[in-house]
Amino acid sequence: MRWGLWTLAARAARGPCSLCTRQSSAAQALGSGATIFALSSGQGRCGIAVIRTSGPSSSHALRSLTAPRDLPPARSARLRLLSDPRSGEPLDRALVLWFPGPHSFTGEDCVELHVHGGPAVVSGVLQALGSVPGLRPAEAGEFTRRAFAHGKLNLTEVEGLADLIHAETEAQRRQALRQLDGELGQLCCDWAETLTKALAHVEAYIDFGEDDNLEEGVLEQGGSAGGWKVQTGGILAPKVSSDSLPSACLPPHTADSKVRALEVALDTHLRDARRGQRLRSGAHVVVTGPPNAGKSSLVNLLSRKPVSIVSPEPGTTRDVLETPVDLAGFPALLSDTAGLRDGVGPVEQEGVRRARERLEQADLIVAVLDASDLASPSSRNFLDTVVVPRGGQSSGGSTQRLLLVLNKSDLLPPQGPGPCPALPPHLLLSCLTGEGLDGLLETLKTELAAVCGDPSTGPPLLTRARHRHHLQGCLDALSHYKGAEDLALAAEALRVARRHLAHLAGGGGTEEILDVIFRDFCVGK
Ligand SMILES: Nc1nc2c(ncn2[C@@H]2O[C@H](COP(=O)(O)OP(=O)(O)OP(=O)(O)O)[C@@H](O)[C@H]2O)c(=O)[nH]1
Ligand SMILES: [K+]
Ligand SMILES: [Mg+2]
């Protein structure tokens, strides 16, 4: 059983934010007349399976299947005999829960049946529910869609829930849970609140003009239009005459501090270098090096399966081989690549071209050298052309990070690698004996935390392109606001900015976006 059912039911009492609440038109569009049912726990034989219903006939369905036929107290588990309402045949002895709306996950009347997880029990109970008038099987994501339509979850929380169900690594789980807890949505609400206040000030000015004794400084609170004074007819003229600045470049101190702070916050989030998206879909980690350095051996070691062929023959790997792995708790797409060398046949040359191409797309480069062969031309060439130009090791500013690994440490004499001038910072490893692997994983964890963001701390991450799109739209609108030539345009820019935030949390009203998001869910969720 997914623990999420319990937790989410408990969330039901929480009130939604006004920015994120979708009005009940959406709920009506869903045809809330129908009551849906589905198996909500995983498919297949298991100890306990959870079947649930949502909709107005939930209570009738529960009464039809149980004996005694009264409803249990709300949100309190009771043991009941379930039988088929058509034949009266007993189906199972089950725990049943009754969640009257609106205090339920979907906001509608809901029932949960915790039955024994055998396939015959589950199909018997599902068939029995299907025979109750007004009930039909749920479609994928339909429970969550109803919760969204009834304002129980905003769209970023829905996305967090989808991510939580699909989370495969610890870091993904932490991130998803934070988003499900509403941190990103709450941040949007706070930002939108700032814009609402700014808009109210600007609109007040439009409505009353300067002759109506508007409180001194009211426009400064509103936003950058604070650089203007209002002339008759709502036209703005620069307030600061001494510098006689052109309208397009207002002195920054005239912009309202809150709107400016909002711009800075949006910009910081956007410059987060897509860390949240990497955390959601996996960082690109590319293993590269000269032929025979042990790249494929390392990929197999990290992925704990024989992804790539390992052989003493240089030039074994030709194609780029990708495998998704959990690296020290972070999701990564690990690529094994051809050894970098020139002057070989056309097939290997194509492999080298692909390897170089993949290198450019890497978030994190794991550069592998044979520790016992550092003085060879291929090692020197690799150091000079790949490692050194990238600064030897990750620097804070660069978006692409690099980790240098000296493999085959088992072949080294006890005093370590021989004289090798200017070797950048590195880790020693032996894929053969496993020595140095713990240290490598520890360093990978630090590197990946830098690439993906640390989901345990800091502000909520932007995990989807959709989030970036709306924040960028909001930021663009704020720049129009700053450059606006009159109050009406300034107000409109604020409205556009605010709408982007509303769309981020509320989905922007287009059904296609909702379809894309809800498609991520399985039936029963
Ligand atoms: N002694 C020792 N040998 C290793 C180690 N790692 C890999 N090898 C050997 O080095 C040889 C090359 O290993 P691969 O993993 O195929 O190297 P590669 O870099 O993928 O080679 P190409 O794909 O041909 O570029 C194989 O014979 C491995 O068994 C190690 O840590 N110690
Ligand atoms: K090889
Ligand atoms: Mg290889």
Side-chain angles (χ1 to χ4, degrees), residues 284-325 327 332-362 364-388 390 402-418 420 423-444:
H284 285 270
V285 179
V286 177
V287 180
T288 183
N292 257 8
K295 303 179 293 299
S296 301
S297 306
L298 179 57
V299 165
N300 292 350
L301 193 63
L302 291 176
S303 58
R304 295 178 288 271
K305 55 183 185 237
V307 178
S308 298
I309 299 174
V310 168
S311 96
E313 193 181 316
T316 305
T317 307
R318 303 279 175 93
D319 279 320
V320 175
L321 290 169
E322 265 182 2
T323 181
V325 290
L327 272 187
L333 200 59
L334 189 61
S335 299
D336 188 13
T337 59
L340 301 179
R341 63 169 167 179
D342 299 321
V344 287
V347 178
E348 194 178 337
Q349 224 20 259
E350 174 58 17
V352 171
R353 191 194 64 75
R354 291 181 187 198
R356 291 193 197 283
E357 193 176 75
R358 185 54 61 103
L359 202 56
E360 295 308 318
Q361 299 159 359
L364 172 62
I365 296 170
V366 179
V368 186
L369 280 173
D370 180 339
S372 67
D373 185 43
L374 294 175
S376 72
S378 64
S379 293
R380 295 302 327 162
N381 186 43
F382 178 74
L383 279 169
D384 292 344
T385 58
V386 176
V387 179
V388 175
R390 288 176 172 83
L402 185 139
L403 189 60
L404 179 60
V405 176
L406 305 188
N407 184 34
K408 310 196 188 183
S409 63
D410 55 287
L411 297 180
L412 290 178
Q415 66 270 23
C420 182
L423 199 61
H426 56 267
L427 291 172
L428 277 178
L429 172 76
S430 168
C431 287
L432 189 69
T433 66
E435 199 171 348
L437 182 62
D438 289 345
L440 173 63
L441 286 175
E442 206 47 49
T443 312
L444 280 171

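Start at 1 and go down the list; that is how both ligands and their atoms are numbered.
Interface atoms of ligand 1 facing Glu313, defined by a heavy-atom separation under 4.0 Å, are 24 (O). Taking a cut-off of under 4.0 Å to the non-hydrogen atoms of Ser430, the atoms of ligand 1 that pass are 31 (O). Of all atoms in ligand 1, listed by their number and element, those nearer than 4.0 Å to a heavy atom of Gly339 are 25 (O).
Backbone and side-chain nitrogen or oxygen atoms of Gly294 are examined, and one is located within less than 3.5 angstrom of a nitrogen or oxygen of ligand 1. An N or O contact shorter than 3.5 Å is missing between Thr337 and ligand 1 by distance. Residue Ser311 has at least one nitrogen or oxygen atom sitting less than 3.5 Å from a nitrogen or oxygen atom of ligand 1, judged on distance alone. Between Thr316 and ligand 1, at least one N/O pair is under 3.5 Å apart. Checked by distance only, ligand 1 and Cys431 come closer than 3.5 Å through their nitrogen or oxygen atoms. Backbone and side-chain nitrogen or oxygen atoms of Ala293 are examined, and one is located within less than 3.5 angstrom of a nitrogen or oxygen of ligand 1. Looking at ligand 1, you won't find any N or O of Ala338 less than 3.5 Å from one of its N or O atoms.
Nearest residue to atom 32 (N) of ligand 1 from Asp410, Leu429, Asp370 is Asp410 (criterion: closest heavy atom).
Between the K ion (ligand 2) and Ser311 there is an N/O/S contact shorter than 3.4 Å. At least one N, O or S atom of Thr316 sits under 3.4 Å from the K ion (ligand 2). At least one N, O or S atom of Thr317, from either the backbone or the side chain, sits less than 2.8 Å from the Mg ion (ligand 3). In summary, Thr316 places no N/O/S atom under 2.8 Å from the Mg ion (ligand 3), failing the contact criterion.
The shortest heavy-atom distance from Gly315 to ligand 1 is under 4.0 Å.
Glu348 and Arg341 get closest at one heavy-atom pair: OE2-NE, 2.7 Å. Of all heavy-atom pairs spanning Val287 and Thr337, the tightest one is O-OG1, 2.7 Å. The shortest non-hydrogen separation linking Phe382 to Leu369 is CD2-CD2, 3.8 Å.
Side-chain atoms of Ser372 never come within 3.5 Å of backbone atoms of Leu412 as a donor-acceptor pair (strictly under, hydrogens ignored). Between the Thr443 side chain and the Gly439 main chain, a donor and an acceptor come within less than 3.5 Å of each other. Judged by distance alone, with hydrogens and angles left aside, the side-chain atoms of Asn300 form no donor-acceptor pair with the main-chain N or O of Pro306 at under 3.5 Å. Lys295 contributes a side-chain N or O that, together with a main-chain N or O of Pro290, makes up a donor-acceptor pair within less than 3.5 Å. Within the 3.5 Å criterion, the main-chain N or O of Lys408 finds no donor-acceptor partner in the side chain of Asp370.
Of the protein's non-hydrogen atoms, Lys295 NZ, 2.8 Å is the one closest to atom 25 (O) of ligand 1. Protein heavy atom closest to atom 21 (O) of ligand 1, with residue, atom name and distance, is Asn292 N, 3.1 Å. Of the protein's non-hydrogen atoms, Asn407 ND2, 3.1 Å is the one closest to atom 6 (N) of ligand 1. Nearest non-hydrogen protein atom to atom 28 (C) of ligand 1 is Val310 CG1, 3.7 Å. Counting only heavy atoms of the protein, atom 13 (O) of ligand 1 lies nearest to Ser297 OG, 3.6 Å. What sits closest to atom 5 (C) of ligand 1 on the protein, heavy atoms only, is Lys408 CG, 3.6 Å.
The OG atom of Ser297 sits 8.5 Å away from the CG atom of Asn292 when rounded to the nearest 0.5 Å.
Between Glu357 and Arg353 there is a salt bridge, with a side-chain nitrogen of the basic residue lying less than 4.0 Å from a carboxylate oxygen of the acidic one.
Under the 4.5 Å side-chain criterion, counting only non-hydrogen atoms from C-beta, Leu359 is in contact with Arg390. Side-chain contact between Asp336 and Thr323 is absent, with no heavy-atom pair separated by less than 4.5 Å. Contact of the Ser296 side chain with the Leu321 side chain is not registered, since no non-hydrogen atoms from C-beta on lie closer than 4.5 Å.
For Gln361, the CD atom is densely surrounded, since the number of other residues' heavy atoms within 6.0 Å is greater than 12.
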Please walk me through it: do Thr317 and Ser308 pass side chain to side chain donor-acceptor pair (under 3.5 Å)? CA-CA 7 Å; Thr317 307; Ser308 298; 5.2 Å; no
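Of all the heavy atoms of Leu411, the ones lying under 4.0 Å from any atom of ligand 1 belong exclusively to the side chain. Contacts of Pro314 with ligand 1, taken as heavy-atom pairs under 4.0 Å, involve the backbone alone.
Of all the N, O or S atoms in Glu313, the one closest to the K ion (ligand 2) is O.
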